[in-house]
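One structure is given below, encoded as structure tokens.
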Amino acid sequence: VSLPEARGMKPDGRLHRFRGGLHLRHHKQISCTRAVERPPLPGELILPLRQHLGDPARPRVSVGDHVLKGEPLGEIECAGGVNVHAPTSGVVVAIEPRPMSHPSGRSGLCVVLQPDGEDRWCERTPLPGWANMEPHDLVSAICAAGVVGLGGAVFPTHRKASLGRRRGTATLILNGAECEPYISCDEMLMREHPERVVAGARILQHVTGAEQVVIAIEDQMGAVFEALAAAISAAGAPGIDLVKVPAIYPEGGERQLIQVLTGHEVPSGGLPADLGLLVQNVGTAAAVADAILEGRPLLERYVTVTGNGVADPRNLLALIGTPVAHLVQQCGGYRGDAARLVVGGPMMGFTLRSDHEPVVKASNCLLILSADDLRTSQPEMPCIRCGECARVCPAGLLPQLLQWQVRTGQWDEAVAYHLRDCIECGCCDYVCPSHIPLAAWFRHGKGELKVQARERATADHARRRHEAREERLERQKREKRERMAAKKKALRARAAATASDETQESAE
Amino acid sequence: MRRVDFSTGAAPHIPSVATVGQVMRTVLYALVPGIALHAWFFGPGILIQIALASVFALSFEALMLRLRGRSLKPFINDYSAVVTAVLFALCIPPLAPWWISAVAMLMAIVIAKHLYGGLGQNVFNPAMIGYVVALISFPQFMTRWQAPAGITPVSLDFNQTLLAILHGRLPAGQSWDSITQATPLDTLKTGLHAGQSLLDVGQAPIFGGLGGAGWEWVAAAYLAGGMFLLLRRVITWHVPLAALGIVLVCTLPAWLLDPVTHASPAQHLFSGALMLGAFFIATDPVSGCASNLGRLWFGLGVGLITLVIRRWGGYPDGVAFAVLLMNMAAPLIDRYTRPRVYGT
């Protein structure tokens, strides 16, 4: 698809199919049976200063400071990332590196806050007149509120929105197709607060200038459709379309959802903006509404606490920074056979060894699996090329070939076979009869490609510097030679002139 | 309350259902009707051959795994050696001597499979390597086909069959000539070379309504087994449809125009190893093509080469040769039939 003509793509009212995918058991009902509650304040909140894709914020508070709810804890330029705010009032008791609920398991600088129990707000500046404001000012407000993509990618929302503004957005898609099993936080949010989702949609539409808004939900989310439809008509926003998409994993993947709604594919290596589309998670839209309408930064989120390893699965409205253990306690604690703690869903989530790590902006689900749920200890067998992996791959890749290339380090081949287009959904891994950890290999391979690209960039930079230096030295040498030559010439001319004077003199 | 002992691991965390052993076992189940009908029409020889080939295959498998320093259990449990053995046994005459199996399984398991790197690494279909080596090396034993029950005046019981296979000894008063007979495809070929009308040749008692008497029922059972594999999604439709389709497309017009020198499509489809080959042998994923488009080309090649060998080659049937030739072409086909990647 060439870019210029592909711009301004719109859903055409029909649903299309994406390639591959899996019908997985949903396991969502177990966490949707009761209303979402706020757990009591935990003893301490651990707030990593980097919870988004981008630069970390620099701490602007010191140990011993008293902070109010909503007060920013760091300093950061909007071009680099977003801020982190105090989820409640309290005292900063530490600023130190802590494990920060990240797949890498690495530690990062965290502000540790001890709540004072008063939950006192700082001064807020709601913007009820947003509809008459400049999009640029709204973008700044969204940035200041620390809003990031809550679907899992945690890309700063204001950067995505201003990109959508700059490049022109025909359609804003709100992604409520929460396709991974067990996760139900978006579903509960849309059921309980559809008006916030709709308000956020309208604000984002204003910011991006989108002509059309589509909210996509899965067809098995019964109550959600009615709730959203009512909220849309209550808000008097008939321009917002509500679309049910079939519950096939990974339908909620940005690229797959775009394909289902428009029939078009985002170019390899490109962005939805190349098609004139902007996709935001429904939770993100609600956070935007909070930020603009109430002046309320992103302080809490819906978190699904579920799985066979927890006594009473449910959704909670958790403050960012709440330790996992505190939330599990609200859900009746662990069952005896709880064996694995996953942040995210069973297909793409990552594991935590300890439950003292905090919930961060990206944490949509805490899945506690029992030993019986886990992959059995069947040994990995050689690939028999059955092709199931290729059949289910939504990206149209050949996983059986790619895993061979990644394992043997044939990086050029792996790039030629589009390793970078792998979305790490894990479908191939799930169906593999040989139990090859394909998704893990591909994550490793993509990481390796990034490292190589960085090294190549560094090497290129060094080479360019070296070449520039060589050229400069050469130029200096040349200039020196030229100067010398000019001097010599001048000297010789002078000598010749003197000599001719002398001959003239002697002739005289 | 605090716990720090959770197990870690890479996503996806939930178990997948399929195993290699399951895939292979499903293939074996799908062969049961064909084997049963084979035994019904041609006597218990097939069962003895399956048992023999399986024992040899598993022994060689275990030996090679030991030599290669691999653990025995997961690889013996994967049933891949048994599938190789059964497919081979289904291709040979039920009265072939026991050592044919031994030689063929040595070639299949030791050379074609493990010397190429074991499960998943073999370039050629091991069962077909074993079969072709036996066919070329020992043609006199590989043509001892019995006529189906009801046509042959003599049928051997279990003990007599066992004795024939293990000792090469026939019951008193019987000779190999009296109990074996040319196969339907053989008869067609000989008749054609002798200049006879195939319409007349087709009246011989060894022909049934569609293909060879008895054989057509076995082929139908393989067809049913293949449908089962399709339903269970162990294979895709591409290879069988392309292989059987091209045979139908090539033979139908020829037969309609000139039934005297051309066998009918039904005779082609329901005789020999075509049905077995199309559903169970050419669909072997390891030595076949990876993409669906590639599988179509692969199946097309198998069907065409089989036809060419049947019509012009020295052998009455050509499925094994066709599969091996296409095995060679598979990597090339794979190279040119990569599926389009999302967004490219």
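Each chain gets a letter, A, B and so on, in the order its sequence line appears, and its residues count up from 1.
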Any chance you could measure [X], atom [atom1], to [Y], atom [atom2], to the nearest 0.5 Å?
X	Y	atom1	atom2	value
R3(B)	L352(A)	CZ	CG	12.5 Å
N292(B)	R391(A)	CG	CZ	9.5 Å
I14(B)	L24(A)	CD1	CG	5.5 Å
R338(B)	H418(A)	CZ	NE2	6.5 Å

Subject >> Winner by heavy-atom pair count (cut-off under 4.5 Å) against chain A, out of R295(B), R233(B), K73(B), Q22(B) >> reply: R233(B)
Subject >> Among A10(B), G118(B), P12(B), residue most engaged with chain A (heavy-atom pairs, under 4.5 Å) >> reply: P12(B)
So for [X], is it side chain, backbone, both, or neither that comes closer than 4.5 Å to the heavy atoms of chain B?
X	answer
M381(A)	side chain
V431(A)	backbone
P394(A)	backbone
F350(A)	backbone
E424(A)	neither
P437(A)	neither
C427(A)	neither
L398(A)	side chain
L369(A)	side chain
D421(A)	side chain
A371(A)	neither

So with a 6.0 Å cut-off around [atom1] of [X], is the heavy-atom count from everything else above 12?
X	atom1	answer
R407(A)	CZ	yes
W297(B)	CH2	no
Y79(B)	OH	no
R340(B)	CZ	yes

Original post:
Ignoring hydrogens and geometry, is there a side-chain-to-backbone donor-acceptor pair from R353(A) to T8(B) under 3.5 Å?
Top reply: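 Side chain of R353(A) to backbone of T8(B): no pair is present.
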If you compare all heavy atoms of [X] against all heavy atoms of [Y], which two are closest, and at what distance to 0.1 Å?
X	Y	value
I384(A)	V286(B)	O-CG2, 3.3 Å
P15(B)	D373(A)	CD-O, 2.7 Å
P379(A)	P74(B)	CG-CB, 3.8 Å
H13(B)	R340(A)	ND1-NH1, 3.1 Å

Original post:
Side chain, backbone, both or neither: which part of D334(B) has a non-hydrogen atom closer than 4.5 Å to chain A?
Top reply: side chain
Original post:
With chain B, which of E357(A), Q259(A), H326(A) has the greatest number of heavy-atom pairs at distances under 4.5 Å?
Top reply: Q259(A)
Subject >> Cation-pi, Y342(B) ring and R255(A) (6.0 angstrom, 45 degrees) >> reply: no
Original post:
Quick one: are T19(B) and H435(A) in side-chain contact, heavy atoms under 4.5 Å?
Top reply: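 Yes, their side chains come closer than 4.5 Å.
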Subject >> Within-4.5 Å side-chain heavy-atom neighbours: S7(B) and T351(A) >> reply: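 Answer no - side chains too far apart.
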**OP:** Could you walk me through whether D355(A) and F6(B) pass the side chain to side chain contact (heavy atoms under 4.5 Å, CB included) test, one step at a time?
**Re:** CA-CA 8 Å; D355(A) 64 4; F6(B) 288 109; 4.1 Å; yes
**OP:** Could you walk me through whether E388(A) and V23(B) pass side chain to side chain contact (heavy atoms under 4.5 Å, CB included), step by step?
**Re:** CA-CA 11 Å; E388(A) 274 297 285; V23(B) 172; over 6 Å; no
